[in-house]
Each structure stands twice: as structure tokens, then as C-alpha cells.
*Asks:* 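Mind having a look at this structure? Questions to follow.
The structure presented is a predicted model; accordingly, all values stated were derived computationally and were not measured.
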Amino acid sequence: MAQVSLRNVTKFFPGNVKVVDNISLGIENKEFMILVGPSGCGKSTTLRMIAGLEEITTGQVYISDKLVNDVPAKDRDIAMVFQNYALYPHMTVFENMSFGLTLRHIPKKEILQRVTEAADILGIKRLLNRKPRELSGGERQRVAVGRAIVRKPLVFLFDEPLSNLDAKMRVQMRTEIHKLHIKLQTTIIYVTHDQVEAMTMGDRIAVMKDGVLQQVDNPITIYDNPKNKFVAGFIGSPPMNFMNGRIIKKDSKLYFDEGVILVKLVEDMHKKMLSCEGKEVILGIRSEDIYDKLFVSEAPPENIVRVNCEVSEPMGSEVYLYLNTGKHTFIARVGAHNKPKINQDMDVVFDMSKVHFFNKNTEETIV
């Protein structure tokens, strides 16, 4: 069993700089856990503490119920795949993949078997006699993953392994790593700043900001029910739109008053938002929940918003519209058949059943 447990883990760098702040996180056996957040949020440092490459300031790390704070990295039964591949340039692919096994004095016959099996899984058997300089970026990444596979570790650690690949190769390798997890049934902890990787690959996502764990849950729950404004804005592409405004009551109904636009809250939100009457809040709405009124058969008049279309970006199957209320700019993601005229006013519909509201001061989710 390869559970990993972080208990109140904190890390200070020299100069009393806190980079990881009291993180507690449990990773289940065979789980694919994603640590995601912007650059500098502490996710790679957290991974390196699990690996034993960074010393823990306070707290404990357990692997398979064994405290590993003082266990050297080589004895933790983990394998790490780095962002820059870390291949030995003078060695062949076979030698790179087998090097760790050779150091452990594994019999040559078993080394050959393990390397061949890993090369088959990754489709790099034909590359075994090549040097790293003769490989593409994607092939080098496969070799780095293969080197980890042959170790047969309890836990795989991936530190932004796809960031050096082009967009097409990144999508392909994302699928390969996901299939690899299904096939190997091993615990994987994967660090990335790319929220698309996080949404598509992870069983659960741990969102970090400034060294603090913001929310841990499955991708859909985090997307639909973000704990705060940061999580809501970080997870999703394009990011969630935000508008500052005030909750007002009109004809015994609650409305969000942005200053230029006025939209009515749905009945289900009234109870939770009643305490916000007269207060400033932040409205969040995702781009796919804003519709072009021309393509909506019925729309409540109070949810129709007059905007100016500043930019239209065709994306193939859909179009991104950059819209302006006169006070806020936001993005709508609409079908490819939508072809509004640029720099002209148009009507869009807010799906008010899908909006989120955040506290103006704490930025925590209200509803």
C-alpha cells in the first residue's frame, strides 16, 4: 500500500521566507493526485520534500505509514520525473533507463527484462541504442518516465514533466501518462501550473496559493463549487469572469447591481444572499454560461445584458467574445455560428443559475 500523508508540513527558506505553510494532505493508494497552482506557490517544494530532496522545517511526511522525515531520498522507494528530463547525455537510452538498477546491483537478466517491458509500454523500444541528443523532446520525456517505471517504486513523483513540450506533444503525453497510471495502478503525485492538465488527469486536485492549500477535491467539484475566488479564477479556461457590485432589493426580489447592468438572482440563492443586501460582493460567471441572445429562444428580460463586443476570437468549434459593460470586461464562450459585429452593441444572457458570489473582503464563496 502506497499512501502518502503530509501532516502540518511547513518549509522556510533562508531569510525566514515561508514557502509552504502548514500543509496537511492525504494521498490514497493508487491515487493520481495533482498539485496545481501558479509559479512560486510552493507545489514543487512540497513534492521535493516528499522525495527527500528538500529538508522539512516542521511537520511530518509518511509513505506507507512510515515516517520518512529522516530517510534519505534513495531509500524512500519513490521515483521522480523532472521537468528537464535529467538524462545522462553520454549514455544510451538503455543505459539511462537501467542506471538506477545497476547501482542497486540488480541482476543483468532482470535489468534487461524490466527495461524491455518499460520500453514496450512507452513505445520506445526502437530508441534503446540512441543517445539523448538524437531524441525529440517527447521521446526524452518517455525515457525519463521509463527510467522511473523500471524502478517499480511505491510512488511516482512528476515535477511539471510536460512544460518543455510543444502544445500537440503535451496533449499526447498527457494521455500517455494517464493511460500509464491506469495500467500500472501506482500512486502518482503530479505537479503542474497548467489547470487543463489538472482537470483532465487527476483523481483529485490540490490547489495551492502562496504556500497554502486552498482546496482539495475531484476536478468537477472544484470546477462547479470552488471554495474561494482564487480557486474559481485559476481552474477553468478561459478563467471565470468577475464583476464587483452590490446586492439590492427591488420589488421584494434580490438583484446584483454592477453599476451599469442589473441582473436578478434566482430564487434558490435568495436565502443565502439575503444577508448581503446592500453590501458589495463579487459576482463570478464562467464564459460558457453567457449566451448570445440571438440564439436563445426564451430569456428572462432581467437577465439580458447590453454589452459592447470588442474582440471576437474564432477557436474552430467555438468563439471567444471579449465583451465590455462600460465598467467591466469579460469573456463569453459561444458556438462557432456566432458572428457578432466588432465594436457594436449586442445583447447577451447571463445564466443566473450558474453564477457564484464571493465575499468582497475575504473572497470566500458565499453561494
Side-chain angles (χ1 to χ4, degrees), residues 2-4 25 27-37 39 43-44 46-48 50-51 53 63 76-87 93 96-97 100 114-128 132 135-208 216-220 222-223 235 237:
Q3 300 104 326
V4 177
L25 177 66
I27 296 129
E28 299 299 324
N29 183 45
K30 301 180 182 179
E31 184 174 24
F32 199 134
M33 172 65 78
I34 305 279
L35 302 182
V36 66
S39 297
K43 56 190 185 296
S44 289
T46 302
L47 195 75
R48 291 173 65 84
I50 296 170
L53 302 176
I63 298 177
R76 293 195 181 191
D77 204 2
I78 55 95
M80 191 159 178
V81 179
F82 296 92
Q83 179 179 346
N84 61 357
Y85 320 134
L87 301 177
V93 168
N96 266 285
M97 291 175 65
R114 287 199 196 182
V115 171
T116 303
E117 284 178 358
D120 274 337
I121 290 171
L122 295 165
I124 56 173
K125 202 170 180 180
R126 61 187 173 81
L127 306 175
L128 289 175
L135 307 178
S136 69
E139 289 168 341
R140 290 179 195 174
Q141 192 55 271
R142 281 187 168 86
V143 175
V145 173
R147 183 176 55 192
I149 290 174
V150 299
R151 292 267 310 279
K152 296 186 177 178
L154 286 174
V155 183
F156 285 97
L157 306 178
F158 288 83
D159 189 8
E160 304 208 36
L162 309 184
S163 58
N164 289 335
L165 303 179
D166 62 61
K168 184 178 179 182
M169 182 57 67
R170 195 176 302 156
V171 172
Q172 184 179 337
M173 283 302 299
R174 197 166 71 208
T175 305
E176 292 298 324
I177 292 173
H178 192 63
K179 289 194 295 186
L180 189 66
H181 175 245
I182 295 170
K183 187 165 188 173
L184 297 180
Q185 289 293 291
T186 309
T187 305
I188 292 179
I189 307 174
Y190 187 106
V191 161
T192 181
H193 64 271
D194 186 333
Q195 53 85 26
V196 175
E197 285 181 27
M199 287 293 294
T200 55
M201 297 172 72
D203 295 324
R204 285 193 299 157
I205 301 174
V207 184
M208 294 181 65
V216 183
D217 217 316
N218 66 71
I220 298 303
I222 285 185
Y223 188 82
I235 299 296
S237 182

*Asks:* Could you tell me whether the side chain of M33 reaches within less than 4.5 Å of the side chain of V216, counting heavy atoms only?
*Replies:*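 Sidechains of M33 and V216: in contact.
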
*Asks:* Could you tell me whether the side chain of K43 and the main chain of G37 form a donor-acceptor pair under 3.5 Å?
*Replies:*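 Answer holds: yes.
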
*Asks:* Would you compute the distance between atom CZ of R114 and atom NZ of K152 and round it to the nearest 0.5 angstrom?
*Replies:*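 One finds 5.0 Å between CZ of R114 and NZ of K152.
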
*Asks:* Distance-only, no hydrogens or angles: does the N218 side chain make a donor-acceptor pair with backbone N or O of R204 under 3.5 Å?
*Replies:*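 Answer holds: no.
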
*Asks:* Do the non-hydrogen side-chain atoms of T187 and Q3 ever get within less than 4.5 Å of each other?
*Replies:*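 Not in contact.
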
*Asks:* Within the 4.5 Å heavy-atom criterion, are Q141 and V81 side-chain neighbours or not?
*Replies:*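 With C-beta onward as the side chain, the pair touches.
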
*Asks:* Can you tell if the side chain of I235 reaches within under 4.5 Å of the side chain of M199, non-hydrogen atoms only?
*Replies:*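 In contact.
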
*Asks:* Do the non-hydrogen side-chain atoms of L35 and I189 ever get within less than 4.5 Å of each other?
*Replies:*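 Yes, at least one pair of side-chain atoms sits under 4.5 Å.
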
*Asks:* Looking at CE of M97 and CG of L127, how far apart are the two atoms once the value is rounded to the nearest 0.5 Å?
*Replies:*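 If I round to the nearest 0.5 Å, the distance is 10.0 Å.
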
*Asks:* Do D159 and M80 touch side chain to side chain, with heavy atoms closer than 4.5 Å?
*Replies:*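 The answer is yes, as the side chains (C-beta and beyond) meet within the 4.5 Å cut-off.
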
*Asks:* Could you pull out every donor-acceptor pair under 3.5 Å between side chains of residues 116-124 and any protein atom, sequence neighbours left out?
*Replies:*
residue	atom	partner	partner atom	Å
T116	OG1	L112	O	2.6
E117	OE2	Q113	NE2	3.2

*Asks:* Does the side chain of T46 come within less than 4.5 Å of M208's, by heavy atoms?
*Replies:*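 SC-SC contact between M208 and T46 confirmed.
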
*Asks:* Listed by chain and number, what are the ring pair (Phe, Tyr, Trp, His ring centres under 6.0 Å) partners of F32, not counting sequence neighbours?
*Replies:*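 Counting only residues at least two positions away or on another chain, F32 forms a ring pair (Phe, Tyr, Trp, His ring centres under 6.0 Å) with H181, Y190.
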
*Asks:* For D166, enumerate each residue passing the salt bridge (Lys or Arg N to Asp or Glu O under 4.0 Å) test, keeping only those at least two apart in sequence or located in another chain.
*Replies:*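 Here no residue qualifies.
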
*Asks:* Verify, without hydrogens or angle tests, whether N96 (side chain) and A144 (backbone) share a donor-acceptor contact under 3.5 angstrom.
*Replies:*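 Not at all, since once roles are kept as given, no pair shorter than 3.5 Å links the two residues.
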
*Asks:* Pair I149, L180 - check side chain to side chain contact (heavy atoms under 4.5 Å, CB included), show working.
*Replies:* CA-CA 10 Å; I149 290 174; L180 189 66; 3.6 Å; yes

*Asks:* Looking only at atom types and distance, does a side-chain atom of R140 sit under 3.5 Å from a main-chain N or O of P132, one as donor and one as acceptor?
*Replies:*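 Side chain of R140 to backbone of P132: a pair is present.
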
*Asks:* Would you name the heavy atoms of R170 and S163 that are closest together and state the gap between them?
*Replies:*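 Shortest heavy-atom separation between R170 and S163 comes out as NH2-O, 3.9 Å.
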
*Asks:* Is any side-chain heavy atom of V207 closer than 4.5 Å to a side-chain heavy atom of I205?
*Replies:*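 Side-chain contact under 4.5 Å: yes.
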
*Asks:* Do the side chain of R147 and the main chain of Y85 share a donor and acceptor less than 3.5 angstrom apart?
*Replies:*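 Indeed, once roles are kept as given, a pair shorter than 3.5 Å links the two residues.
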
